[in-house]
Amino acid sequence: MEIETIRNIIRKALEELVDKDDEIFKQKLPKLGKSTEKERKLNRELHETALNHRFAFYLENGLINKNLTTYNVDIEYNRNFSNPKSVKMEGIKIPVRPDILIHKRMKTSESDSHLLIIEAKKGKTSDHDIEKVKAFMNDTDYKYKYGLTVSYAFNQNQVETILYSKSKNNKIEKEKINVKRKSYS
């Protein structure tokens, strides 16, 4: 799959998330020590898995619309056949549970079976999230073609994402794909 196709699927899915599920963005993230009890309670109740589910739903619809139905979209997928999913980071193989995967389950022999690995956060994505995405792209067990980090609500004006891809010389490159959020008064 070409980068333009995956870029368009991601952008469309994010636009639908912001448009159709806008209520999840109405609540500003409370600043540490300056939030009300109601803000803390709502923020605690809105788990990032709920956001990831909706984003995965729109990604799956995008794949269907492009007739790419051989791919599966999974959240918190923690198995590699009968083994726990693990990836080498900083020289050590660690167990991992990626936020969202687009892959072909149980079809690792196909060269394009691992399409997109996503790490997403309500707040700012961390260096650890970025390194996990890159590790999945470089790990010989997976070789994900693309990676994506998502920050749903760190910036009050937009959902911020970075798409990672490999150049012809196998170097990981990155580009931003940001989608404006609705403004609330």
Side-chain angles (χ1 to χ4, degrees), residues 1-14 16-17 48-49 51-122 124-152 159-179:
M1 180 181 304
E2 297 299 318
I3 192 165
E4 187 63 31
T5 303
I6 196 69
R7 185 186 301 121
N8 289 338
I9 290 170
I10 292 166
R11 181 177 299 287
K12 177 84 170 136
L14 288 169
E16 286 185 281
L17 177 69
E48 80 182 28
T49 306
L51 296 165
N52 289 341
H53 165 73
R54 298 305 300 162
F55 183 35
F57 171 77
Y58 295 121
L59 287 168
E60 188 167 38
N61 286 343
L63 291 170
I64 291 167
N65 290 339
K66 297 280 186 189
N67 203 28
L68 297 166
T69 56
T70 58
Y71 286 101
N72 304 102
V73 180
D74 290 307
I75 62 172
E76 303 290 331
Y77 200 78
N78 67 339
R79 304 304 293 178
N80 185 18
F81 295 98
S82 62
N83 301 314
K85 192 173 280 293
S86 62
V87 71
K88 197 172 200 174
M89 293 180 65
E90 297 178 16
I92 302 168
K93 201 86 160 165
I94 60 168
V96 289
R97 192 174 62 195
D99 292 329
I100 303 172
L101 294 176
I102 298 179
H103 60 149
K104 294 179 181 177
R105 285 189 217 120
M106 310 300 284
K107 300 205 170 132
T108 58
S109 61
E110 295 180 23
S111 64
D112 64 344
S113 62
H114 296 106
L115 185 64
L116 179 65
I117 165 79
I118 301 172
E119 282 298 308
K121 299 293 177 262
K122 285 190 315 186
K124 186 176 181 178
T125 51
S126 68
D127 290 339
H128 179 78
D129 298 320
I130 295 165
E131 291 310 311
K132 188 191 302 186
V133 164
K134 289 179 178 179
F136 268 100
M137 293 176 70
N138 289 322
D139 192 298
T140 55
D141 289 338
Y142 305 106
K143 294 183 185 174
Y144 271 85
K145 187 167 184 175
Y146 303 108
L148 187 74
T149 55
V150 180
S151 174
Y152 292 115
V159 176
E160 296 179 339
T161 71
I162 298 177
L163 177 63
Y164 300 87
S165 61
K166 285 195 173 180
S167 66
K168 289 181 181 174
N169 64 356
N170 226 21
K171 180 183 173 205
I172 294 180
E173 299 177 337
K174 63 184 184 177
E175 67 176 276
K176 291 182 180 182
I177 304 174
N178 296 332
V179 173

Should Tyr164 and Ile130 be marked as a side chain to side chain contact (heavy atoms under 4.5 Å, CB included) after you check the CA-CA gap, both sets of side-chain angles, and the distance that decides it?
CA-CA 9 Å; Tyr164 300 87; Ile130 295 165; 3.5 Å; yes
Are more than 12 heavy atoms from other residues, nucleotides or ligands located less than 6.0 Å from atom NZ of Lys124?
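Atom NZ in Lys124 is not packed in, count stays at 12 or less.
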Report yes if some heavy atom in the side chain of Phe136 is under 4.5 Å from a heavy atom in the side chain of Asp139; otherwise report no.
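Side-chain contact under 4.5 Å: no.
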Test side chain to side chain contact (heavy atoms under 4.5 Å, CB included) on Ile102 and Met1; report intermediate values, then the result.
CA-CA 12 Å; Ile102 298 179; Met1 180 181 304; over 6 Å; no
Atom NZ of residue position Lys66 - does it have more than 12 heavy atoms of other residues, nucleotides or ligands inside 6.0 Å?
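No, because the 6.0 Å sphere around NZ of Lys66 holds 12 heavy atoms or fewer from other groups.
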What class does the angle between the rings of His114 and Tyr144 fall in, given that below 30° is parallel, 30 to 60° is tilted and above 60° is perpendicular?
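Ring orientation of His114 relative to Tyr144: tilted.
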Could you state the interatomic distance from OG1 (Thr5) to CG (Leu68), rounded to the nearest 0.5 Å?
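Separation between the atoms: 7.5 Å.
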Once salt bridge (Lys or Arg N to Asp or Glu O under 4.0 Å) is applied, do any residues pair with Lys174, and if so which ones, sequence neighbours excluded?
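Per chain and number, Lys174 pairs via salt bridge (Lys or Arg N to Asp or Glu O under 4.0 Å) with no residue.
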So, taking the atom named CG in Leu115 and the one named OH in Tyr71, what distance separates them when rounded to the nearest 0.5 Å?
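If we round to the nearest 0.5 Å, Leu115:CG and Tyr71:OH are 4.5 Å apart.
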How about Leu59 and Ile118: do any of their side-chain heavy atoms sit closer than 4.5 Å?
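When only atoms from C-beta onward are counted, Ile118 and Leu59 do touch, with a gap below 4.5 Å.
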Shortest non-hydrogen contact between Ile3 and Ser165, atoms and distance:
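Smallest heavy-atom distance, with atoms named: CD1-OG, 3.5 Å.
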Asn138 and Lys88: side-chain donor and acceptor closer than 3.5 Å?
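The answer is no; no qualifying pair exists.
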For Glu173, is the CD atom crowded, meaning more than 12 foreign heavy atoms sit under 6.0 Å from it?
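Counting neighbours around CD of Glu173, more than 12 heavy atoms of other residues, nucleotides or ligands fall under 6.0 Å, so yes.
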As an exercise, state the distance from CG of Asp74 to CD of Glu60, rounded to the nearest 0.5 Å.
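Those atoms lie 8.5 Å apart.
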Could you state the interatomic distance from CG (Leu101) to CD1 (Ile117), rounded to the nearest 0.5 Å?
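Separation between the atoms: 4.5 Å.
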Validation row: Ile100, Val150 side chains within 4.5 angstrom (heavy atoms)
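Contact flag for Ile100/Val150 side chains = no.
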Side chains of Tyr152 and Asn52: any donor to acceptor distance under 3.5 Å?
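Present: a donor and an acceptor within the cut-off.
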Ignoring hydrogens, what is the shortest heavy-atom contact between Leu14 and Ile177? Give both atom names and the distance.
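Minimum heavy-atom separation between Leu14 and Ile177: CD1-O, 4.2 Å.
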If you take all heavy atoms of Ala120 and Glu48, which pair is closest and at what distance?
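Of all heavy-atom pairs spanning Ala120 and Glu48, the closest is O-OE2, 3.3 Å.
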Quick one: pull up OG1 in Thr149 and NZ in Lys176 and give me the separation to the nearest 0.5 Å.
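Going from OG1 on Thr149 over to NZ on Lys176, the span is 10.5 Å.
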Check whether any side-chain N or O of Asn72 sits under 3.5 Å from a backbone N or O of Arg105 as a donor-acceptor pair, and report yes or no.
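Here the side-chain-to-backbone pair exists.
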Mind checking the CG-CD1 spacing from Asn178 to Ile162? Nearest 0.5 Å is all I need.
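Going from the CG atom of Asn178 to the CD1 atom of Ile162 covers 8.0 Å.
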What's the verdict on side chain to side chain contact (heavy atoms under 4.5 Å, CB included) for Ile9 and Leu116, showing C-alpha distance, side-chain angles and the deciding distance?
CA-CA 11 Å; Ile9 290 170; Leu116 179 65; over 6 Å; no
Going by the rule side-chain contact (heavy atoms from CB on, under 4.5 Å), which residues pair with Glu119 if we only count those two or more places apart in sequence or in a different chain?
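Checked Glu119 against side-chain contact (heavy atoms from CB on, under 4.5 Å); matches are Pro98, Asp99, Lys121, Asp129, Lys132, Val133.
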Kindly indicate, with the supporting measurements, whether the criterion side chain to side chain contact (heavy atoms under 4.5 Å, CB included) is fulfilled by His53 and Thr49.
CA-CA 6 Å; His53 165 73; Thr49 306; 5.6 Å; no
Over 12 non-hydrogen atoms of neighbours within 6.0 angstrom of CG in Asp127
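Not more than 12 within 6.0 Å, no.
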Within 6.0 angstrom of Glu4 CD, more than 12 heavy atoms from elsewhere:
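Yes, CD of Glu4 has more than 12 neighbouring heavy atoms, counting only those of other groups under 6.0 Å.
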